[in-house]
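Just below is one structure, and these are the notes that go with it.
A note on names: the letters A, B, ... follow the listed sequences, proteins ahead of strands, and every chain is numbered from 1.
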Number of protein chains: 4
Amino acid sequence: MPAKSTGPARHPRTGGRVRSDDAREQVLAATTALLEEGGYPALTIEGVAARAQVAKSTIYRWWKSKPALVIDAYAQATAARMPEPDTGTVAGDLTAFLTELYRVVDYPMRMQALRGLMAEAQLDPEFAATFRDWIGSRRTVLTGMLLRGIDRGELAGDIDLGYAADLIFGPFWYRLLVGHTPLEPAQAAGHVTSVLAALRSGRSPARP
Amino acid sequence: MPAKSTGPARHPRTGGRVRSDDAREQVLAATTALLEEGGYPALTIEGVAARAQVAKSTIYRWWKSKPALVIDAYAQATAARMPEPDTGTVAGDLTAFLTELYRVVDYPMRMQALRGLMAEAQLDPEFAATFRDWIGSRRTVLTGMLLRGIDRGELAGDIDLGYAADLIFGPFWYRLLVGHTPLEPAQAAGHVTSVLAALRSGRSPARP
Amino acid sequence: MPAKSTGPARHPRTGGRVRSDDAREQVLAATTALLEEGGYPALTIEGVAARAQVAKSTIYRWWKSKPALVIDAYAQATAARMPEPDTGTVAGDLTAFLTELYRVVDYPMRMQALRGLMAEAQLDPEFAATFRDWIGSRRTVLTGMLLRGIDRGELAGDIDLGYAADLIFGPFWYRLLVGHTPLEPAQAAGHVTSVLAALRSGRSPARP
Amino acid sequence: MPAKSTGPARHPRTGGRVRSDDAREQVLAATTALLEEGGYPALTIEGVAARAQVAKSTIYRWWKSKPALVIDAYAQATAARMPEPDTGTVAGDLTAFLTELYRVVDYPMRMQALRGLMAEAQLDPEFAATFRDWIGSRRTVLTGMLLRGIDRGELAGDIDLGYAADLIFGPFWYRLLVGHTPLEPAQAAGHVTSVLAALRSGRSPARP
DNA sequence: AATTAATCGAGACGGTACGTCTGGTCTTAGA
DNA sequence: TCTAAGACCAGACGTACCGTCTCGATTAATT
């Protein structure tokens, strides 16, 4: 049950036309289609409205901005795609998680969405907070794996979880955004090995 | 040798008014000022023109887009600020380099510029190539340090330089762009330690 | 029946905000005011938008060019001003019609509009067609008077109506545009006398 | 040696490079060519400069505006084309004169020039005066013919020469500018007949 | 069944900045 | 001192979307 960004009952209704689910789906589908066809910059609210046969005001009623719309479309597209892996080892969990993450390149829409959202977070301070939370939720999943590794004794108890997450996600985003080197799911395992070595290299570096 | 993005003599001149250096400086100064005051999204060509007391067409004559302008203003602002360090050890060089890099947070203009440029690279395919080259030049400086480390025997000769650069720059950009954790120059040393540990951890992970 | 160039219901509405009559009137009033103040060449769409407190896009939505706007403003200004005269004689009708026409000089806005529209018709081929039609409608009014004269037996049935209209309107426009001699309503009667003499002088001259 | 609007030596020269007659001719030729190809509106000083391989400033040095340039080019094109006819009768003179005038339609450049100049006279008050003088010179030629007719006794001595000129030129310009009816040299004779009838119809109509 | 209230599509509204264009001026190097 | 070249300031152009706002028409849940 993904993408609950617009709750079902925000105030005690006493009548009135109910929200059209058809419209909602049309909008998300149009967003996805346009993202794939022209990329994030070519995506406009007007374009989505036209494509979805929906009024602009209907879009603005349910989503407050273009990135909010994209974040919903992205969530719908990846729903139930990322079950938290549990392979029994940190290396296994992380590798599974990262491999799936790197697969983003196989889905133009996901790639455009991620790049566009990151761009928008730089340009729209209001969205930046939302984006930060969204990123935070992905980080939480990852730090959960690390915590299980600590419980198992695979990792020291004092590692800096935040720094670990940066070390894992940083290079991914950097490659995705700059595009100097293609992302390949096969790179995930090697990256995990490196990161684990770094984490075991000594005291947490962020705050000595 | 700063800010040569617009060379002084691109074709053999045979007459014609010479480019106004005053105009050029006014434009870059206005860009810097506006970046500091309102951030990248509030920066507009019209605003720069008005602030610099310059015609819009003069800006468009020398810079093909807003990010091209910002990249020049950034280069001017950081000119001669980053001499390539040479401390005798890889760790020392990298730490010096990264410490200076992390200082970006002390200069709002530099921070706004970096974030805005990365955003623009996602939105403007034409600029993306320019940006990639620009990023590449920074990476080259860094890999130069690593190569010297290899020469000195501090690092194995088969490490993946590209991956190393990703590992170093990735977390920096990730923090800069997401903003979940503040950047602090003091973190640089710890990060270098981690990265070097990762690089020594085994075979190059990217392409075995 | 004034100023219907932008009809109130051009296509069967099925929803949507209705056109703002206030905006329409503000625009036409601003056009008239600016015509009077600075003349046709100083009239700009931007100026009208600013004066009328209206978005430029609103103007472009309803008028495709500056002359189209002026033609509407002119029509509004002269609405119901020129009832077709019916005095019982050709000479009387024509004199009344021409006298009113010559009064254009008393209204700077009308004079500026006429001169500007004629100029624009030379410069903008697309508008030329519109202008020709507009001129045609004035000619039709005039030839209607002549036709009544033929019915009454005042004029021969074989006169060239087109040529007659040229003979009547030509000198008016020529004076208006060149400005070598001031237009005066009192000249109308004499001109009519001359023209009628010319028309009675013999066979239609244009195509024997 | 036509088109002396820009004399060869306007102030007592005291040395320096002499005016390039080649440049002058190139400019006028380019003006004529562009008038024929794209009409008056497509004619720009920049275009002329490019076509004539001449600097914009060179054009501005010798001609103060676009219409001044066109008026020179027109004069050059029609030089020695219009000898004042002397057939022995007013009707003959006028018909010869008008027939030649109506031939303008056979020369696109002349037609474009006339229409453009008239348009410009409406838009550029400074040029309007020049244009009025230019028009005046053509009127003088015509009134000269009428005066000879008075001398011969063909016309009454008290006819209004100015009005006569308006009656003759007005319909010509009106057709040329509006374009509702094609101009044809064969129409000249009939028009002359009509006008003479009008002039003989009675007292001068302009000022009773 | 009538009422009420929130939805829906449509599309006009005021705005802002865009990138282009032309005009007319000014400053060079070279003839 | 002129010429060609071309940069300069200025400002209107017409376009694209933005986010807001009226419309009339639906569509439930509540009376």
Side-chain angles (χ1 to χ4, degrees), chain A residues 10-11 13-20 22-23 26 43-50 52-62 64-66, chain B residues 11-24 42-50 52-62 64-66, chain C residues 11 13-24 26 42-50 52-62 64-66, chain D residues 13-20 22-23 43-47 49-50 52-62 64-66:
Chain A
R10 299 193 297 196
H11 41 71
R13 300 206 359 135
T14 60
R17 184 171 177 172
V18 87
R19 175 174 183 185
S20 161
D22 185 53
Q26 291 292 315
L43 183 73
T44 64
I45 300 282
E46 300 225 320
V48 172
Q53 298 262 68
V54 145
K56 264 202 301 179
S57 54
T58 299
I59 299 181
Y60 281 110
R61 189 175 300 116
W62 301 110
K64 63 181 299 192
S65 65
K66 167 172 149 178
Chain B
H11 40 70
R13 290 190 15 103
T14 59
R17 184 170 178 173
V18 87
R19 178 174 182 183
S20 161
D21 243 322
D22 185 55
R24 181 178 173 277
L43 182 74
T44 65
I45 300 281
E46 299 225 320
V48 172
Q53 301 259 65
V54 145
K56 260 201 301 180
S57 55
T58 297
I59 299 181
Y60 281 111
R61 188 176 300 116
W62 300 109
K64 61 181 301 190
S65 63
K66 167 172 148 177
Chain C
H11 40 72
R13 283 190 20 100
T14 59
R17 184 170 176 172
V18 298
R19 176 173 182 185
S20 160
D21 243 321
D22 184 55
R24 181 179 173 278
Q26 291 293 316
L43 183 73
T44 65
I45 300 280
E46 298 227 320
V48 172
Q53 302 259 65
V54 145
K56 257 201 302 180
S57 54
T58 297
I59 298 181
Y60 282 110
R61 190 174 299 116
W62 298 109
K64 62 180 299 190
S65 64
K66 167 172 148 178
Chain D
R13 299 199 7 131
T14 60
R17 185 167 173 174
V18 86
R19 175 175 182 187
S20 161
D22 185 53
L43 182 74
T44 64
I45 299 281
E46 302 225 319
Q53 299 264 69
V54 145
K56 262 202 302 179
S57 54
T58 299
I59 299 181
Y60 280 109
R61 199 186 330 276
W62 301 110
K64 62 180 301 191
S65 65
K66 166 171 149 178

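- Atom-to-atom, CD1 of I59(D) to P of dT25(E) comes out at 13 Å; the value is rounded to the nearest Å.
- The structure places CD of Q53(B) at 12.5 Å from OG1 of T58(B), a figure rounded to the nearest 0.5 Å.
- Taking both residues in full, the closest heavy atoms of A55(A) and A49(A) are given as C-CB, 4.3 Å, listed atom of the first, atom of the second, then distance.
- Judged by the 6.0 Å distance and 45° axis criteria, R24(B) is not positioned over the aromatic ring of W62(B).
- For T58(B) and dA7(F), the shortest distance from a side-chain N or O to OP1 or OP2 is not below 4.0 Å.
- Minimum heavy-atom separation, I45(A) to I59(A): O-CD1, 3.9 Å.
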Under 3.5 Å, which protein N or O atoms sit close to an N or O of nucleotides 2-5 of chain E? Give each pair with its distance.
{"residue": "dA5(E)", "atom": "N3", "partner": "G16(A)", "partner atom": "N", "Å": "3.3"}

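- For R61(D), no side-chain nitrogen or oxygen approaches OP1 or OP2 of dC2(F) to under 4.0 Å.
- Inter-axis angle, ends of the helix from dA1(E)-dT31(F) to dA31(E)-dT1(F), five pairs per end, rounded to 10 degrees: 10°.
- The shortest distance between the side-chain N/O atoms of W62(B) and the OP1/OP2 oxygens of dC8(F) is below 4.0 Å.
- The closest donor-acceptor contact from the side chain of K66(A) to the backbone of L43(A) lies under 3.5 Å.
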Determine, for nucleotides 15-21 of chain E in 5'-to-3' order, which nucleotides have protein heavy atoms under 4.0 Å from the base (write B), from only the sugar-phosphate (write S), or from neither (write -). B-SBBBB

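- A23(B) and S20(B) get closest at one heavy-atom pair: N-OG, 2.9 Å.
- The CG atom of D22(B) sits 9 Å away from the P atom of dC9(F) (whole-angstrom rounding).
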